[in-house]
Amino acid sequence: GQSKPASDNSVASTANTSDATPADGGNFVYGLATEVDNFDPFTATTADAKSIYFNIYEGLVKVNPDGTFSGAVASDYKISDDAKTYTFTLRDGVKFHNGAVVTTDDVLYSIQHAIDSGIPGYDNVDSFEATDDKTIVVTLKKGDADFLAIASQAIIPKDSDNQGELALAPIGTGPYKFASYAVQDHVTLDKNPDYWGTPAHLNEIIIRFIASSSDLLVNYQSGAIDGFTANAAISEQVDKNSSTINVGHSNAVQALYLNNANTPFDDVRVRQALSYAVDSEGVINTVDYGYGTEIGTAMIPGLSSFFNDDVTHAYDVDVKKAKHLLSDAGYPNGFSFTVKVPSNYQVHLDSAQVLVNQLAKAGITMDIQQVDWATWLENVYTNRDYDATIISVDGSIASPTAFLSRYVSDAHNNFVNFNSKDYDAAYAKATAAVDQEKRVAGFKECQKILSDEAASVYIQDIANNFVYSTKFAGYTGYPLYAVDFASVYRIQ
Amino acid sequence: MSEMNSEKGEILEVSHVNNYYEDTGLGIFAKRQKRQVLSDVSFTIHTDEFFGLVGESGCGKSTLGNAILGQLPFEGTIRVGGMEYSKSDRRKFTEKVQAVFQDPMSALNPRMTIGSTMREPLRAHNIGTREEQIRAVNDMLEKVGLDASYADRYPRELSGGQRQRVCIGAALMLQPELIIADEAVSALDVSVGAQILNLFHEIDAGADFAMLFISHNLNVVYYLCDRIAVMYRGTIVEIGSAEDVYHHPVHPYTKLLLAAIPDFTSRIEDDGTGTLADIAKANAQFEVRNEDPEGACCFYHRCPYANSECLKRPSLTAVPTTDSEEHRAACRLAAEQPSAQVDEKGSVAEAFQSTC
Amino acid sequence: MSESKTVTSQNLLEIRNLSIGIREGDKIYRAVDDIGYEVAEGEILGVVGESGCGKTVTNLAIMGLLPDVLFVSGGQILFEGKDLAKMSERERAAMNGRDISMIYQEPLTSLNPLVKIGRQVGEPLRIHHKEIPEEEITKRVAESLREVGLPDPEVTMEKYPHQLSGGQRQRVMIAMATICRPKLMIADEPTTALDVTVQAQVLRLLKHISRKHKMSIIFISHDLAVINQICDRVIIMYAGKIAESAPAHVIMRHPAHEYTKGLLRSIPRADSKGESLPAIPGHVPSTEEYRDPCPFAPRCPIAQDICRQQAPDAVQIAKDHVAYCHFLRAE
Amino acid sequence: MRYLIRKAVILILTMFLISLMTFLAFHIIPGDPAQLILGTSASAEKLELLRHQLGTDLPLWQQYTSWIFGFFRGDFGTSIRYSMPVKTLLGDRIVVTALLGLMVIVLTLVVSIPLGVYAASRRNTAAEQVVNFLTMIGISIPGFFLSIIFMWVFGLVLHLFTPGSYVSYQQDFGAFLRFMIFPALAIAVPEIAILTKYIRTAMLDEMDKDYVRTARGKGASHRTILYGHILRNAIVAVIPLIGMMIGSIFSGSIIVEQVFGVPGIGRLLISSVTGRDFPLTQTLVMYIALIIVITNFIVDILIQVIDPRIRLSN
Amino acid sequence: MKSGKIEFRIGCTLAGIVILLAVLSLFWTPYGINEMDPASRMAAPSLQHIFGTDNMGRDVFSRAIVGARFTLAVAVSTVLFCTLISIVLGLLAGYAGGWVDEVIMRIIDAINSFPGILIALIMVTVLPPGNYTIVIALCIMFIPSFTRIVRTGTLQYKNADFVRNNRVFGDSDLRLLLVHIFPNIIPLLLSSVIVGLSNAILAESSMSYLGLGIQPPAPSWGRMLYEAQSIIFNAPWCALAPGLMIVVTIVAFNCVGEGLRKRYLA
Ligand SMILES: Nc1ncnc2c1ncn2[C@@H]1O[C@H](COP(=O)(O)OP(=O)(O)OP(=O)(O)O)[C@@H](O)[C@H]1O
Ligand SMILES: Nc1ncnc2c1ncn2[C@@H]1O[C@H](COP(=O)(O)OP(=O)(O)OP(=O)(O)O)[C@@H](O)[C@H]1O
Ligand SMILES: [Mg+2]
Ligand SMILES: [Mg+2]
């Protein structure tokens with residue numbers, strides 16, 4: 001398995017759900033602290049939107065709770081040895097929500113649409129064709145063992161999204177179909193009775209958009225919603241006798257990201273000093289109620305086979321060493337810098353406040369500056385006009401490249417301005433490898449370099465807990481940010 | 001006109017002054033219209049002369065006073081000591097003319113000591129050093145009947161009469177040639193008002209200045225002034241020496257004004273047996289004739305003597321039968337009516353009644 | 001002539017030892033100090049005095065309309081034998097407007113700016129004679145507006161106060177005060193804000209109404225000449241006390257109290273032109289200031305030590321002529 | 001008439017100024033709507049494409065003029081964030097906020113007029129002191145604190161309503177009202193306090209006026225004097241405040257809608273600003289400003305209707 | 001007046017206590033404001049932590065009194081700047097009249113009809129970082145009402161008898177404005193300024209609530225309230241402490257303002 005099964009983590013659950021008898025029917029009100037404003041799987045990028053449309057759309061294959069993939073719209077797939085040719089066989093009788101049966105035309109349209117939309121990974125597609133009315137062959141430019149993850153991109157009806165129509169009227173093949181949407185209020189999903197696989201238990205899912213994560217809590221406590229996903233600071237507040245907390249990961253790398261192009265962070269000793277000064281465990285304990293998972297590099301533990309656990313403790317807190325490194329770098333009395341934190345993420349603001357204390361011990365002064373999300377995107381992310389920031393960076397797909405590609409010197413999204421020839425070479429080597437072991441070794445090497453170079457101060461993979469009422473059970477987590485409503489059922 | 005009394009010298013020359021107020025009309029559909037307040041006002045005040053201006057409320061007395069002080073826009077010319085007001089020359093102008101207003105309660109800055117307020121004119125004109133100014137203030141306080149200790153007090157600690165003394169003192173600080181006193185005693189109690197009138201008398205004797213004394217009380221004006229002008233609806237209807245105007249009035253309005261002054265010799269008698277009509281008749285002299293034609297004599301609507309001739313506004317003409325040429329009235333009767341020893345007040349009322 | 005009108009035996013209103021206090025923070029001052037007078041039926045009583053001497057306050061006490069800081073601290077106000085000062089607010093309200101009414105110095109502010117004239121004038125009837133139907137009230141209002149000499153009552157009724165001139169407003173006030181035919185009307189400086197010509201009309205009207213309806217009037221003014229025009233009897237007040245009281249013609253010709261004399265002298269008249277006015281020196285003490293037992297003492301030309309130690313008693317100079325001075329002898 | 005024209009010109013001028021201010025503001029603050037939509041993993045070409053679709057790559061003046069011309073044609077543009085016509089987006093929400101505002105106004109008037117009159121009529125008594133104290137507290141509570149407290153006390157402790165369970169007015173008007181009463185109350189409390197205070201003060205001011213004495217002199221009852229004479233005059237003095245109240249009700253609803261999860265225009269404004277959704281924000285700002293400006297205009301007229309002194313005298 | 005005096009005293013006492021606490025926090029706080037202790041998070045009020053601790057184990061009392069400092073600093077500087085600007089604008093508009101008045105009032109109108117949050121957002125994003133950008137934002141929001149007050153006062157006194165008197169004395173316009181008109185507006189302005197202080201506190205906390213205020217870890221009451229929101233059920237003291245501090249402070253300022261108003265305008 002690529003990930004620890006979610007059930008392993010369900011430590012906080014006090015209610016014994018396994019005895020309960022599942023019952024079909026009923027509805028489930030889910031609270032979301034952001035808005036799903038776009039249901040088009042080709043343009044929507046917010047994690048929250050993706051977590052919801054996981055229930056509506058399916059790809060040729062679909063991720064499993066353990067991180068492996070299995071057939072969805074395709075019942076079967078074959079991968080050539082050089083991982084260059086992928087052959088998918090369509091499943092019989094899969095129907096779109098509009099009642100139409102999925103044909104190869106739909107699949108071809110979807111693949112072309114993904115290429116046109118610039119979905120990551122599709123730039124590697126060399127050609128694709130339907131060899132018969134059941135078989136689709138995709139040929140890649142260079143071998144990619146991860147293409148299955150990429151092939152989980154939604155399959156949509158032919159010509160259904162030429163003008164982005166899906167944004168407001170999604171049509172997929174998933175266990176739930178879109179029913180209605182009220183801006184800033186809610187989205188309703190209805191059970192798809194024609195679902196090819198195990199049908200969902202609940203008849204209706206109402207996703208309410210709530211202004212902030214603290215309001216999620218109030219709404220949950222008041223009974224207005226049956227469940228929500230939130231970080232530990234919020235999820236820990238619920239009444240544990242009437243709630244099941246399914247501990248999961250946010251599957252994103254929280255770090256104090258340093259602008260490697262700016263002084264003093266262009267000096268590896270300074271970055272290392274910061275890494276030594278920061279006590280990740282302290283942050284996890286204070287901000288994340290101990291639920292987060294410590295990391296030492298830009299990889300989530302969820303992708304366990306690729307995750308380089310060796311470097312997790314490379315920079316265990318050592319203030320003396322930090323000070324030493326600082327004076328080596330020419331800052332015997334420390335220095336001060338400003339960290340820009342997006343104001344809409346309380347977790348990061350809280351983490352920043354903890355870091356202020358920790359860094360102060362090493363003589364470093366960190367000033368916090370809150371910026372709103374749009375400003376953060378423009379100033380920090382796009383223009384790279386910052387010294388440091390705290391954020392969680394997620395991967396768009398369950399693949400190590402999603403996390404590691406951005407550290408390549410000339411990557412367009414290398415917002416930390418990391419620049420290492422060694423890394424570029426190591427990354428190129430890892431991605432070129434078809435052999436799984438070599439790939440794993442290659443990516444681990446990349447992570448090692450990031451750790452050695454202290455590209456940023458890696459802190460944790462923040463816990464992202466699914467909290468729901470004990471009236472329900474069955475929730476299953478994934479190594480992706482997805483909320484699988486089909487697994488949830490009402491207890492009789 | 002200018003040729004007369006030239007040997008005496010003129011301190012104020014008002015000629016053909018017209019003034020309008022714009023009625024903004026707060027209402028949604030209200031039209032903006034100009035309302036004439038002063039129409040063709042001309043007169044002169046000689047140096048060292050006390051000149052009285054009487055008229056009913058709202059006739060434009062204060063407007064005229066403010067126009068002279070340069071506080072209002074107007075048409076025509078006003079010269080004080082030969083000088084016309086202009087904003088840039090305000091300082092020089094204010095050396096010549098000062099004012100005392102009706103309400104001594106609001107005429108002083110409540111946040112300034114008396115001394116400070118009185119120093120204000122000197123300060124504005126940069127006269128003397130601080131010490132000299134303070135000395136001058138103390139002298140002036142003495143002169144208006146207050147002692148120097150008042151300099152440190154605030155207006156609220158003073159009685160109305162005392163405050164009016166301060167106002168007069170402040171107006172005198174610059175030794176102006178003309179003082180405009182707009183209802184300067186009307187707001188005061190009888191006994192205090194008398195004190196202020198006396199004060200005007202005293203300082204008149206000591207200093208060299210003329211005064212335009214505005215009041216609605218003919219008795220007071222007569223008591224204090226050398227010459228009197230009677231104003232009605234923005235027009236001067238009669239002007240002349242105090243004696244002439246008070247004792248030999250020519251214009252019906254002046255007569256009416258004199259008749260209406262309550263005195264100690266007569267009483268209103270009414271045994272209650274009369275009808276309302278009787279009262280109406282008795283009040284007829286005050287009643288409004290319904291017509292008020294455009295361009296007519298301003299008193300046409302109330303005048304018992306009015307005839308078609310009066311539909312054209314009369315100008316001020318000299319009253320022939322008096323010895324003094326100064327006596328003029330704006331009435332067709334001015335020329336023909338012998339003003340000497342005309343009627344007693346009772347008969348004026350009768351005249352009014354008989355015509356209505 | 002005027003001397004013929006004298007006090008009738010029947011007193012409508014009798015004020016005995018009335019004192020009115022002012023509460024100011026923790027301190028209490030006296031606005032009116034132990035005064036007494038009476039008003040006969042059909043009589044017009046003039047009250048004269050300088051500003052702040054307590055004229056208004058006394059009469060507000062009669063109406064029971066003293067503002068919160070003022071209170072009756074002693075004495076009686078007997079109206080037809082009943083003590084108004086001891087009546088409940090409700091009983092007072094029943095009399096106000098019906099038996100006693102008041103007109104005020106400021107005719108503009110004394111009328112509700114948002115209510116039409118007709119309604120305001122008719123209100124006393126509406127309050128005290130609920131049995132009268134609305135059409136009848138309208139008729140009575142028109143009648144009483146005509147009575148005070150307002151032309152076109154029907155038009156005037158539909159107007160608002162600001163659309164009338166000062167004299168017209170004052171006449172509206174009179175119409176309102178007389179519509180219930182009260183026995184006593186208090187007129188607080190009803191002509192001070194008016195021009196002399198209008199003043200003459202109003203005085204005439206008041207006199208007529210008083211005589212016609214046998215209505216007593218307390219006429220407040222600081223102008224002795226006005227008082228002389230219509231009053232039967234005059235009370236001179238000074239600093240919260242009565243200085244002198246006598247029939248009008250007596251006061252004007254034979255004043256006894258030094259204050260009255262001074263007051264009369266200080267009025268500019270035709271014959272005093274050019275001379276200095278014999279003004280009374282000094283000023284009226286305010287309520288907060290210390291007052292001598294005889295409050296006029298500091299300004300009085302004949303004051304002696306006794307004036308500063310002992311309040312003067314009433315001296316009956318003649319029938320109906322009383323003055324408060326140590327140096328007067330009863331005749 | 002002149003007055004009306006003058007007012008209309010001023011109104012248009014103000015609105016124009018506001019639209020310009022919003023526009024400039026939007027282009028001063030950092031944030032690229034395309035980037036916001038596409039997030040951190042977007043490629044440069046994709047961004048460029050989207051910018052072109054949204055029209056945010058045009059020169060500023062062109063963006064402004066195209067917006068303003070559209071606005072005058074009644075076309076408010078398409079929301080960047082919600083990819084819906086702004087008009088559609090606003091439709092319901094304006095009703096929600098308007099209903100909320102209406103509830104607030106009704107609550108405020110219904111409570112504060114009697115309360116203010118009562119306090120004034122009990123001058124210098126314990127009752128007045130109690131009302132004064134309550135208004136003082138009411139004025140001093142921040143709206144969002146009050147919302148939190150309401151949510152906690154009425155929602156979570158007393159279970160009088162279910163926070164977060166907003167029901168659309170179209171779905172069930174009764175349930176809508178039952179839910180909205182709490183957000184309305186949260187906005188109304190400070191407004192009630194302020195209005196009560198002003199009414200009380202205005203009543204007290206009026207009470208000292210001469211015409212009140214006249215009325216008492218006529219023997220009018222306490223009640224008649226209070227409601228028949230004083231209140232009308234006091235209201236004339238208070239009416240200008242109502243214009244200002246509309247503004248503060250709007251600001252209040254921005255926060256309260258956020259806290260209570262009411263899908264009104266207040267919440268939309270925040271998300272449109274944070275989402276750099278220019279057409280939406282611009283329309284919202286214009287809309288709010290228009291309401292405020294028009295309210296003030298109505299207040300002007302209202303005063304003239306109530307107060308004959310200002311009314312046309314013909 | 002007596003009632004005004006009582007309000008004034010109560011107000012001064014309460015404000016005094018709050019200010020004293022704020023000053024005290026400069027020298028001493030029971031705990032560091034950013035001193036965290038996960039082990040004792042969300043502890044109920046006790047002798048160690050008289051207002052309890054928050055979700056990161058920080059002492060609420062320490063934060064509340066330091067918050068007083070920040071909140072007051074923002075409020076005071078906002079009102080100060082805005083008063084200064086408004087005085088100039090208001091005097092100018094009122095005294096000059098005509099088109100100057102027209103232009104100033106139109107801009108004021110526009111600002112007034114402009115959602116405050118937008119102004120705040122613009123300021124916070126445009127201006128260089130720092131705690132006092134919020135001051136400028138609030139300042140702009142407050143200028144309209146203050147300018148109106150000054151302008152109304154100016155209009156009221158522009159034609160007052162004593163001003164007219166001094167104009168006749170020959171005083172310059174500037175002197176009339178500064179010496180005769182302005183000092184008389186001060187009482188009116190003063191009480192508005194004090195009420196403005198409480199409005200500024202309210203606005204600051206609203207802004208902080210929306211994340212536009214003081215930068216963490218510095219606490220302001222609004223920020224504390226915001227952070228306490230999610231734990232209100234388990235640790236209500238975290239919300240109540242700053243909330244009540246706000247209420248008390250505003251009551252205090254309002255009382256002082258009311259007292260002043262009654263004293264000077266009665
Ligand atoms: N600022 C103004 N705007 C418009 N009209 C005005 C203004 N000031 C005065 N008026 C009008 O001009 C006329 C003359 O007013 P003015 O004050 O000069 O009268 P007055 O003779 O001094 O009266 P009073 O004896 O009552 O003082 C009045 O009808 C008045 O209504
Ligand atoms: N509401 C009040 N509060 C405090 N003091 C008052 C009040 N009303 C009157 N006084 C005081 O009571 C005293 C008598 O006032 P009153 O109004 O009776 O004087 P007046 O003789 O009517 O004067 P005027 O001629 O000015 O009307 C004055 O000294 C005044 O200061
Ligand atoms: Mg005048
Ligand atoms: Mg009086």
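Bear in mind the structure is a predicted one, so any value in this text is a computation, not a measurement. For the numbers below, each heavy atom of this structure counts, side chains included, while hydrogens, waters and symmetry mates do not. Here is how names work: the chains are called A, B, and so on, in the same order as the sequence lines, proteins then strands, and each is numbered from 1.
- Ring planes of B:F50 and B:F209: tilted class, angle from 30 to 60°.
- Remark: the backbone N or O of B:L38 is paired with a side-chain donor or acceptor of B:Q36 at under 3.5 angstrom.
- No side-chain heavy atom of B:N217 sits under 4.5 Å from any side-chain heavy atom of B:V54.
- Contact of E:I181 with chain B is not made at all, since no heavy-atom distance falls under 4.5 Å.
- Here ring-ring contact (aromatic ring centres under 6.0 Å, His included) pairs that include residues 157-180 of chain B, with residues two or more places apart or in two chains, number zero.
- Looking at B:K61, its side chain does come within 3.5 Å of a backbone N or O of B:E56 through a donor-acceptor pair.
- For B:E75, the side-chain contact (heavy atoms from CB on, under 4.5 Å) partners are B:N18, B:Y20, not counting sequence neighbours.
- Residues passing the side-chain contact (heavy atoms from CB on, under 4.5 Å) test with E:V88: none are found, sequence neighbours excluded.
- Side-chain atoms of E:I201 and E:F253, non-hydrogen and from C-beta on, do get closer than 4.5 Å to each other.
- Ranked by heavy-atom pairs under 4.5 Å with chain E, the first of B:A124, B:C167, B:A171 is B:A124.
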Report every donor-acceptor pair between chain B and chain E with a separation under 3.5 Å, backbone and side chains included.
residue	atom	partner	partner atom	Å
B:Q71	OE1	E:R167	NH1	3.4
B:R90	NH2	E:D171	O	2.1
B:Q98	NE2	E:V168	O	2.9
B:S106	O	E:F162	N	3.1
B:S106	OG	E:D161	OD2	2.6
B:A107	O	E:N165	ND2	3.0
B:N109	OD1	E:N184	ND2	3.1
B:N109	ND2	E:H180	ND1	3.0
B:R111	NE	E:N184	OD1	3.1
B:E120	OE1	E:R175	NH2	2.9
B:E120	OE2	E:R175	NE	2.5
B:E120	OE2	E:R175	NH2	3.1
B:E120	OE2	E:H180	NE2	2.8
B:H125	ND1	E:F169	O	3.4

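- Using a 4.5 Å cut-off between heavy atoms, B:M105 makes no contact with chain E at all.
- Using a 4.5 Å cut-off between heavy atoms, B:V97 contacts chain E through its backbone alone, with no side-chain atom that close.
- If you measure heavy-atom distances from E:V179 to chain B, the contacts under 4.5 Å come from both the backbone and the side chain.
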